[in-house]
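Worksheet for the structure shown next.
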Number of protein chains: 2
Amino acid sequence: MTPTSNNGKTGISIPAATMERLPRYLMQLFRLRRKNCDSVNSQSLGEALGLKDTQIRKDLSYFGVFGKARYGYNVEYLIKAIESILGLTSEYNLAIIGVGNLGKALANYAVQVNSNFVLKLLVDTNPEIIGTTVADLPVRSMDDLPQLLSTQEIHIGIIAVPEKAAVDVANILVEGGVRALYNFSQAELHHIEGVFIENASISYGVYKLAHHLSGSWPRKK
Amino acid sequence: MTPTSNNGKTGISIPAATMERLPRYLMQLFRLRRKNCDSVNSQSLGEALGLKDTQIRKDLSYFGVFGKARYGYNVEYLIKAIESILGLTSEYNLAIIGVGNLGKALANYAVQVNSNFVLKLLVDTNPEIIGTTVADLPVRSMDDLPQLLSTQEIHIGIIAVPEKAAVDVANILVEGGVRALYNFSQAELHHIEGVFIENASISYGVYKLAHHLSGSWPRKK
DNA sequence: CTAATTTCGTGCATTTTATCTCGAATGACG
DNA sequence: CGTCATTCGAGATAAAATGCACGAAATTAG
């Protein structure tokens, strides 16, 4: 069986919560590979990620049989399998709109993360930023964005502009044919027909921490 | 009844999923306030956030009665109530560790978000950054961090350093008495006794989008 | 004042998610 | 080669979250 096959499980719908965890599994597997680990079992994987071992086995079981009794999972094989499940078999072109501090951080980030994501385009409105080079790419003018989108295919648009500009930027991207948006602005983007939207919600975590500190967050065991 | 009271619901444990949504409600309420809206009903709040109206009513009902039939919720009152639930009745001092692009972005962010969060400390290891001013604060040396933590109380430590340094930074913060960490590094931080940890996981969204684009993400209706 | 209508709050059904349990497979070891 | 310990896979069970449906409250209109 190849890692890409689904082991006859077609038709069964995968829990969204499971899909959410796969990137975390993948990241941890990359770390293990860097440490030259050949195999990993569900228990140690769980400990590294703060999850129960049964959770990991159940998650992986949706996609077929990856593990072996008394051995665990082969790291390399599982990486290939999860990459395949996540659709990391092809490349995705990224555009970052807004090259302030956050945009720059994301640009440098994007290069490291995974070679399946290729940063193609940086755009800003600020004349002082336009023309500078960030992550080996020139920053282009927002005015040129529609035209730039027509000359190269962008799969994922990363929105790193102030809240007020986010909706306009989203519309330009969608009109330019971008079908997936990763929104780092405070704006709430939803419900654009045929477009996948992921909201990063950077600031919410601090509220959760405030609540924890203030007293009575219901703890998980 | 004051917004802070629990309307006799003490003892009932609040679903974690509900707590996760409260910051989003709060943000949307801030937007409504800025637009001088006095009231909002569960339906329009739901539309703005991509949630069902029943979800919002149920969430709020855990904390008592905030709404009125044929009127909805008073924006100002609901803001006060949620702020109280989230523990935003006192101030929280923030330290940002790592003043690269991400740290700078977070520093400028933190100032806007909410006056309950007060940025007190910026720290980095890079001699070229140490001594510069970001968000009206001088960047201090990482070497001085333990000492700085002993002279002022920091409630929330924001980790914006490279993955390799994250665990060390976390340890220094915890030893310095910080009980809540917001981790923006790629490192997985878990299980520090008595410390609340929130992982921002900035890069995972792009994997989800890749999977969406590649085909068969199970859609929610 | 009464009826009509809107919108909340909440008990209950449904769906989704997490956890438990245990048989089966695998490799280690005598 | 047989026994033992380990670790997976997956069905059964428990827990959590969501969504429905309806009674009650409140406002408006006649």
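No hydrogens, no waters, no symmetry mates; every other heavy atom, side chains included, goes into these values. Residue numbers begin at 1 in each chain, while the letters A, B, ... track the order of the sequences.
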Non-hydrogen atoms of A:Tyr25 and A:Gln55 that approach each other most closely: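 Closest heavy-atom pair between A:Tyr25 and A:Gln55: OH-O, 4.1 Å.
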Which pair of non-hydrogen atoms, one from A:Ile172 and one from A:Leu149, has the smallest distance, and what is that distance?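 Minimum heavy-atom contact is O-CD1, 3.7 Å.
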Of all the choices, [options], which nucleotide is nearest to the side chain of [X] once you look at every atom?
{"X": "B:Asn41", "options": "C:dT7, D:dA21, C:dT21", "value": "C:dT7"}
{"X": "B:Val65", "options": "C:dG9, D:dG19, D:dC8", "value": "C:dG9"}
{"X": "B:Arg21", "options": "C:dT19, D:dT18, C:dT17", "value": "D:dT18"}
{"X": "B:Ala17", "options": "D:dA17, D:dA10, D:dG19", "value": "D:dA17"}

Polar pairs (N or O, both sides) under 3.5 Å between protein and nucleotides 23-28 of chain C?
from, atom 1, to, atom 2, distance (Å)
C:dG27, OP1, A:Lys68, NZ, 3.3
C:dG27, N2, A:Arg70, NH1, 3.1

Would you mind reading off the distance between [X] atom [atom1] and [N] atom [atom2], rounded to a whole angstrom?
{"X": "B:Asp53", "N": "C:dG9", "atom1": "CG", "atom2": "C1'", "result": "12 Å"}
{"X": "B:Ile14", "N": "D:dA16", "atom1": "CD1", "atom2": "C1'", "result": "14 Å"}
{"X": "B:Leu51", "N": "D:dA17", "atom1": "CG", "atom2": "P", "result": "15 Å"}
{"X": "A:Asn74", "N": "D:dC8", "atom1": "CG", "atom2": "P", "result": "13 Å"}
{"X": "A:Asp59", "N": "D:dC8", "atom1": "CG", "atom2": "P", "result": "13 Å"}
{"X": "B:Tyr73", "N": "C:dC8", "atom1": "OH", "atom2": "C1'", "result": "6 Å"}
{"X": "B:Lys52", "N": "C:dT15", "atom1": "NZ", "atom2": "P", "result": "13 Å"}
{"X": "B:Phe66", "N": "D:dA26", "atom1": "CZ", "atom2": "C1'", "result": "19 Å"}

Hydrogens and angles aside, do [X] and [Y] bring a side-chain donor and acceptor to less than 3.5 Å of each other?
{"X": "A:Asn183", "Y": "A:Ser185", "result": "yes"}
{"X": "B:His191", "Y": "B:Glu193", "result": "no"}
{"X": "A:Thr18", "Y": "A:Asp59", "result": "yes"}

For residues 40-49 of chain A, run the donor-acceptor check on the side chains, cut-off 3.5 Å, and write out each pair with its distance to 0.1 Å, sequence neighbours left out.
from, atom 1, to, atom 2, distance (Å)
A:Asn41, OD1, A:Gln43, N, 3.2
A:Asn41, OD1, A:Ser44, N, 2.9
A:Asn41, OD1, A:Ser44, OG, 3.2
A:Ser42, OG, A:Arg57, NH1, 3.1
A:Ser44, OG, A:Asn41, O, 3.3

Look at the side-chain N and O atoms of [X] and state whether any lies under 4.0 Å from the OP1 or OP2 oxygen of [N].
{"X": "A:Gln55", "N": "C:dT17", "value": "no"}
{"X": "B:Tyr62", "N": "D:dT18", "value": "no"}
{"X": "A:Arg57", "N": "D:dG9", "value": "no"}

Can you sort out which residues in residues 26-40 of chain A have a heavy atom within less than 4.0 Å of DNA chain D? Ascending by number, please. none
Categorize B:Ser42 for me: base, sugar-phosphate, or nothing, with a 4.0 angstrom heavy-atom threshold over every strand shown. sugar-phosphate
Inter- and intrachain pairs under ring pair (Phe, Tyr, Trp, His ring centres under 6.0 Å), touching residues 168-187 of chain A, at least two apart: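 As it turns out, the ring pair (Phe, Tyr, Trp, His ring centres under 6.0 Å) pairs with a partner in residues 168-187 of chain A, which skip direct neighbours, are A:Tyr182-A:Phe184.
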Quick check on DNA chain C: between B:Thr54 and A:Thr18, whose nearest nucleotide comes earlier from the 5' end? B:Thr54
Keeping [X] on the side-chain end and [Y] on the backbone end, is there a donor-acceptor pair under 3.5 Å?
{"X": "B:Asn116", "Y": "B:Leu88", "answer": "yes"}
{"X": "A:Asn199", "Y": "A:Leu189", "answer": "yes"}
{"X": "A:Arg33", "Y": "A:Val75", "answer": "no"}

Collect all protein-nucleotide pairs involving nucleotides 12-14 of chain C in which both atoms are nitrogen or oxygen and the distance is under 3.5 Å.
from, atom 1, to, atom 2, distance (Å)
C:dC12, N4, B:Lys58, NZ, 3.3

Could you go through residues 90-100 of chain A and list every donor-acceptor pair under 3.5 Å that involves a side-chain atom there, pairing it with any protein atom two or more places apart or in another chain?
from, atom 1, to, atom 2, distance (Å)
A:Tyr92, OH, A:Gly87, O, 2.7
A:Tyr92, OH, B:Ala210, O, 3.2
A:Asn93, ND2, A:Glu153, O, 2.9

Going by the angle between their ring planes, with limits at 30° and 60°, are B:Tyr207 and A:Phe117 parallel, tilted or perpendicular? perpendicular
